[in-house]
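Here is how names work: the chains are called A, B, and so on, in the same order as the sequence lines, proteins then strands, and each is numbered from 1.
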There are 2 protein chains.
Amino acid sequence: MATRQRGRPRSFDRLTALEQATMAFWEHGYETTSVSDLTRAMGISAPSLYAAFGDKRTLFEEVVETYAVSYGAYGGRALAEEETARAGIGRLLSEAAELFTEPGHPRGCLMISAAVNCSTPEVEESLRARRNANLASFEARIRRDVERGALPPDTDAAALARLSGAVLQGMSQQARDGAEKEELAAVARLAMRAWPAEAPPAGAEAEVTGRAATGPPSPEAPVPGAPAPETPAGRGA
Amino acid sequence: MATRQRGRPRSFDRLTALEQATMAFWEHGYETTSVSDLTRAMGISAPSLYAAFGDKRTLFEEVVETYAVSYGAYGGRALAEEETARAGIGRLLSEAAELFTEPGHPRGCLMISAAVNCSTPEVEESLRARRNANLASFEARIRRDVERGALPPDTDAAALARLSGAVLQGMSQQARDGAEKEELAAVARLAMRAWPAEAPPAGAEAEVTGRAATGPPSPEAPVPGAPAPETPAGRGA
DNA sequence: GTCTTTCCATAGCGACCACTACGGAATTGA
DNA sequence: TCAATTCCGTAGTGGTCGCTATGGAAAGAC
């Protein structure tokens, strides 16, 4: 890649167009967003779209990938940065309440809602796989805390992960159904009460009655906050 | 309506055809199920479909209505028959785990998934209204228990209702994503742990936390299994 | 300038969409 | 039997779908 490319350079910004396509898909879903909707939203013509992004399905996959990186990364960060699985998922749900209702972009989560009832099985399957991968990352994070002793040994990690994913998905639909940020935040807060009593993260003194801290706990106590990436595809479960 | 109708009688059973249309819409959603999909599933030709059911949208509305009555009624019954809101919603979620994964029909809930990303706003809005009505019926049922003293006075009825709806919606999507009955049942069971401690249902010993009787001080104590329909449109929230 | 390369707008492809005009077949009441 | 009435299969409506062939305009290299 030495010389600059020869011919006429393209007259639109590829990343801007991609973001506009993201908004369109996010709002209306894969199937319901037609190519002519896309060209209108992106401000380019159909041949330009096909030259720059391949076909509609390839464009959607690229949209999902950038969405997972730029938005879904919140979830991965919450899980990785927080001391415990409980704090991580609590923060993830709380941030989701904000993200799902934030002005400036469509409501809810693209990975959750954009390929429901999709007649292209590959597309539906692609997002389903991302959702299930995130469920698996929830479960792994919880299981780690169980093994570490931060959660009771009889904790059902799979069920807790699935519940967290279900709440997240329900919050997404309710955001699209008109729920406001505070309402979803209350749901997120309440959902954390289903968690078992949190054991002391490490060497600290004990404490008994269930239902411990909900918010971000000790800034940095023991256990040097696992660098773990843990979630390959961002939020969405 | 005295005399029998004159001409040639229709050669298919209307209710059977309606049920086959229900299965098609349930599986693929409103938008993605084409009229030719419907005629194939129902075993009739397009003109017969239009003569018997009006247009596609009218057929869908009729499908939704019968679905709400025959399937969604489970939810209304659970809410009406159980002693407490907690028991009612607990039973509703547990029955949903079964219904959403039962063989013999598509997975998940038609009212939750069939009009996501729908390009016909009236259809999308119609199911959204049913979901929100069910949320409201959850909230009313919970609020009644709070006023009755069966739940603590500081219970956030709206948030608890919304959480229940979110879990239900998430369970529907996870059923479609492949979750099995036991997994969803575990989610349902776990979700009920978010509920506050249940107070004795009626005239039992006093309780502490402030605030004297607010609402109607439960004239008839334990409230026998309320005949109330309570939910006009069945499950779906 | 000239040539080469690439972009992009017009215009149109076949396929499918929801929906319906038509006419023969079937079943009634008289 | 004869109309009257209704059903339903064939075939086709205009419209939109995802996608692309063509060809002029624009911007580099020389």
Side-chain angles (χ1 to χ4, degrees), chain A residues 1-18 20-21 24-25 27-63 114-115 117-124 126, chain B residues 1-18 20-21 24-25 27-63 114-115 117-124 126:
Chain A
M1 47 170 61
T3 58
R4 207 168 168 327
Q5 66 172 350
R6 293 271 299 225
R8 169 181 174 180
R10 75 159 52 92
S11 63
F12 61 91
D13 182 54
R14 195 177 184 282
L15 266 76
T16 303
L18 186 64
Q20 285 155 334
F25 279 131
E27 171 109 46
H28 303 292
Y30 174 75
E31 202 81 28
T32 315
T33 305
S34 70
V35 170
S36 87
D37 290 336
L38 288 168
T39 58
R40 198 178 315 114
M42 301 163 84
I44 62 178
S45 64
S48 303
L49 187 154
Y50 281 87
F53 298 102
D55 62 3
K56 182 184 172 185
R57 215 185 110 209
T58 308
L59 169 58
F60 182 70
E61 294 290 353
E62 188 171 347
V63 159
N117 295 133
C118 178
S119 65
T120 313
E122 296 88 347
V123 172
E124 188 156 18
S126 157
Chain B
M1 47 167 63
T3 59
R4 207 167 167 329
Q5 65 173 351
R6 295 270 300 231
R8 168 181 174 181
R10 75 159 53 91
S11 62
F12 61 92
D13 182 53
R14 195 177 184 281
L15 266 74
T16 303
L18 187 64
Q20 285 156 333
F25 278 131
E27 170 112 43
H28 302 292
Y30 174 75
E31 202 79 30
T32 315
T33 306
S34 70
V35 171
S36 87
D37 289 335
L38 288 169
T39 58
R40 198 178 314 117
M42 300 162 85
I44 63 179
S45 65
S48 303
L49 187 154
Y50 280 87
F53 298 102
D55 61 3
K56 181 184 172 186
R57 214 184 110 207
T58 308
L59 169 59
F60 182 70
E61 295 289 351
E62 188 172 346
V63 159
N117 296 131
C118 176
S119 66
T120 313
E122 297 88 349
V123 172
E124 187 157 17
S126 158

Where is the tightest heavy-atom contact between [X] and [Y], given as atom of each residue plus distance?
| X | Y | value |
| --- | --- | --- |
| B:Leu38 | B:Ala24 | CD2-CB, 4.1 Å |
| A:Glu62 | A:Arg14 | OE2-NH1, 2.8 Å |
| B:Gly29 | A:Asn117 | N-ND2, 3.4 Å |

OP1 or OP2 of D:dC17 less than 4.0 angstrom from a side-chain nitrogen or oxygen of A:Ser34, does that happen here?
yes
Length of the [atom1]-[atom2] vector between [X] and [N], whole Å:
| X | N | atom1 | atom2 | result |
| --- | --- | --- | --- | --- |
| B:Phe12 | D:dT6 | CZ | P | 15 Å |
| A:His28 | D:dC17 | NE2 | P | 12 Å |
| A:Leu38 | D:dT16 | CG | C1' | 15 Å |
| B:Asp13 | D:dC7 | CG | C1' | 16 Å |

Looking for any heavy atom pair under 4.0 Å, which part of the strands does B:Thr33 touch: base, sugar-phosphate only, or nothing?
sugar-phosphate
Using a cut-off of strictly less than 4.0 Å between a heavy atom of the residue and any atom of DNA chain D, enumerate the qualifying residues of residues 39-61 of chain B by number.
B:Ser45, B:Pro47, B:Ser48
Anything under 3.5 Å between a protein N or O and an N or O of nucleotides 13-15 of chain C, put it in a table, one pair a line.
none

All side-chain contact (heavy atoms from CB on, under 4.5 Å) counterparts of A:Thr120, not counting sequence neighbours
A:Tyr30, A:Glu31, A:Arg57, A:Cys118, A:Glu122, A:Val123
State which residues pass side-chain contact (heavy atoms from CB on, under 4.5 Å) with A:Ser45; sequence neighbours excluded, sorted by chain then number.
A:Pro47, A:Ser48
Pairs touching residues 37-54 of chain A that satisfy salt bridge (charged side-chain N to carboxylate O under 4.0 Å, His left out), sequence neighbours left out
A:Asp37-A:Arg40
List for me each residue that meets salt bridge (charged side-chain N to carboxylate O under 4.0 Å, His left out) alongside B:Glu124, sequence neighbours excluded, and say none if there are none.
B:Arg128
Thinking salt bridges, do B:Glu61 and B:Lys56 make one under a 4.0 Å N-O criterion?
no
Closest to side chain of B:Ser11, choosing from C:dT27, D:dC8, D:dC17
D:dC8
